[in-house]
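So the structure is just underneath, and the comments pick up after that.
Start at 1 with the first residue, then count along the sequence. Ligands are counted one by one from 1 in listed order, and the atoms in each one are counted from 1 as well. Computed from a predicted model, the values in this text were never measured in an experiment.
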Amino acid sequence: MSGNRKLIIEDVKVIVSCPGRNFVTLKITTESGIYGLGDATVNGREQAVATYLREHVAPCLIGRNAHEIEDIWQYLYKGVYWRKGPINMASIAAVDVALWDIKGKAADLPVYELLGGKSRRGVGVYVHATGNTVEDTLDRAGELVGQGYQAIRLQSSVPGLDGSYGVLGDKKDYFELQNDRPLPPEHPWSTKKYMNSIEELFVEARKRFGNELHLLHDVHSRLTPIEAARLGKMLEPYDLLFLEDAVAAENQESYRIVRDHTTTPLAIGEIYNTIWDCKDMIQNQWIDYIRTASTHAGGITALRRIADFAALYHVRIAPHGAPDLSPICYAAQSHIDIWAPNFGIQEFVGFGTEKSNEVFSHDLKMVDGMLHVGDRPGLGVDFDEEAAAKYPYNRSYLPVSRLEDGTLWSW
Ligand code: EZ4
Ligand code: CO
């Protein structure tokens, strides 16, 4: 394999920084001076992926032609013998995304043009409204509606439990970095209390906002299949755009049970590493949205393949967009979103903090609740290594969940 426009990889650098939260950034530089950026952040396991990249991936890249994205992807997937897995796939993703960035810069085109061009004017997003009471949550949703957002994920505390998934209360930085706690914080869970209180949130939301606003909800894998089926049925009158992660599905057949009982649209996939994790549920049309993220599912190359496969079964993409996805990951999937014929919706939680904006710059814009992808060549993101050096890694974990009797549960 050769070409007369080779771009030889000369340097591969892995930078772990914490501008508000931990990110693993990959920088691949070619002999021509063109460089590309990738993200390999696996929330709570950042050093594992950084070490994997430094020790086992970087040495294999030096001297290769950066244009050969597909061959390098296959080399890192099939060639390692140990396929799949979050650390491996996030590493492949970081390389893949950095190579797409390089190819775009070399071609003087934004990545979406390389994928086939824009399919829409902008990328539709949904945002989060969370609160300790139904009223607090809906007040927050009202503010977001006022800012032009047309789709809102609602999460409200479960009465009798100290918070619940998605409810931040006085927590400063999403769910982690909680006062430098050395170990994961613990949250209580009761399915009974949740099932007894959740409907009210959507009853009141429809009363307040009418039927036009898109509403969503994330269950964070806390239910069993038959409980999830009951929740889906319970929420049918409130016309959700989707119900996310109603049940964990390492066993994909679990979704058949949910699907058989409800017409509430179903979404899953933010923790999936490859198309194999969701193949059965897509193929059997048990879900409506696949939420794989560019970092966690193997990069632009892999996400594009998942999107094309999903399209055959009327499944649309809705990539994960929480704050632990770096601006590089976010930019990468925004290029997929603006291109994919079967794009559904993109999760959006803001363009980062003051610190993260000092480290990462990007050319995405939010206008009237719609994300606009800029036309800089490549991904349109940049990374300031000097600024990043001011914010060293800070160990941090997602919380864990326990039932009221102490049994460990899905968080
Ligand atoms: O818990 O990103 O839809 N969003 C989510 C997130 C995830 C975190 C995990 O790292 O479920 O809040
Ligand atoms: Co989620």
Side-chain angles (χ1 to χ4, degrees), residues 18 20-24 39-49 86-87 89-90 93 125-131 151-157 163-169 171-178 184-187 189 194 198 214-223 228 231 240-249 255 265-273 277-278 287-297 317-330 333 337 344-350 352-353 356 394-401 409-411:
C18 187
R21 55 181 316 125
N22 293 310
F23 292 121
V24 183
D39 168 53
T41 308
V42 176
N43 197 358
R45 293 294 182 273
E46 297 84 0
Q47 301 291 27
V49 71
I87 305 301
M89 296 310 291
V125 300
Y126 72 92
V127 289
H128 296 182
T130 79
I152 306 191
R153 189 191 84 168
L154 302 177
Q155 309 289 141
S156 186
S157 285
S164 59
Y165 172 71
V167 180
L168 295 174
K171 302 179 195 77
K172 289 190 199 69
D173 195 337
Y174 216 52
F175 304 108
E176 312 91 346
L177 297 170
Q178 303 301 325
E186 301 207 352
H187 293 171
W189 179 253
Y194 169 71
I198 185 65
H214 292 295
L215 300 178
L216 305 91
H217 182 63
D218 190 349
V219 186
H220 238 237
S221 308
R222 306 265 171 100
L223 302 180
L231 177 65
L240 267 59
L241 186 116
F242 64 61
L243 182 65
E244 179 188 340
D245 286 352
V247 56
Y255 263 77
L266 303 169
I268 193 167
E270 67 184 43
I271 65 168
Y272 292 167
N273 311 137
D277 296 334
C278 44
I287 59 168
D288 301 275
Y289 294 87
I290 181 67
R291 306 203 62 250
T292 39
S294 73
T295 295
H296 303 113
I317 62 162
H320 188 205
D324 50 306
L325 305 176
S326 94
I328 298 169
C329 168
Y330 208 81
Q333 54 197 29
D337 293 341
I345 197 160
Q346 172 65 56
E347 186 177 22
F348 177 74
V349 292
T353 59
S356 69
N394 181 1
R395 182 182 297 126
S396 165
Y397 297 108
L398 285 163
V400 299
S401 224
W409 205 244
S410 302
W411 175 71

So between Arg291, Gln155, His220, Glu244, whose heavy atom ends up nearest atom 11 (O) of ligand 1? His220

Of the listed options (Val349, Asp324, Leu398), which comes nearest to atom 2 (O) of ligand 1 when hydrogens are ignored and any heavy atom counts? Asp324

Side chain or backbone of [X] under 4.0 Å from ligand 1, or both, or neither, by non-hydrogen atoms?
X	result
Asp218	side chain
Tyr165	side chain
His296	neither

Distance-only polar pair, side chains of Ser396 and Asn394, donor-acceptor under 3.5 Å: no

Three-point angle Glu270:OE1, the Co ion (ligand 2), Asp218:OD2, rounded to the nearest 10°: 180°

Please determine if Glu270 has a nitrogen or oxygen closer than 3.5 Å to a nitrogen or oxygen of ligand 1. yes

Ligand 1 N/O within reach of His320 N/O, cut-off under 3.5 Å: yes

Check side-chain contact (heavy atoms from CB on, under 4.5 Å) between Ala151 and all other residues, then give those that pass, not counting sequence neighbours. Tyr126, His214, Leu216, Ile345

[X] side-chain N/O to [Y] backbone N/O, donor-acceptor pair under 3.5 Å:
X	Y	result
Glu347	Gly321	yes
Asp245	Val219	no
Glu46	Phe23	no
His128	Val167	no

Residue of the set Trp411, Trp189, Tyr194 for which ring pair (Phe, Tyr, Trp, His ring centres under 6.0 Å) holds with His220: Trp411

For ligand 1, which atoms, with element, lie under 4.0 Å from some heavy atom of Glu347? 3 (O), 4 (N)

Output the list of atoms in ligand 1 that are nearer than 4.0 Å to some heavy atom of Arg153, sorted by atom number. 3 (O), 4 (N)

The single option from His296, Glu244, His320 passing side chain to side chain donor-acceptor pair (under 3.5 Å) against Arg291: Glu244

Any N, O or S atom of Glu244 closer than 2.8 Å to the Co ion (ligand 2): yes

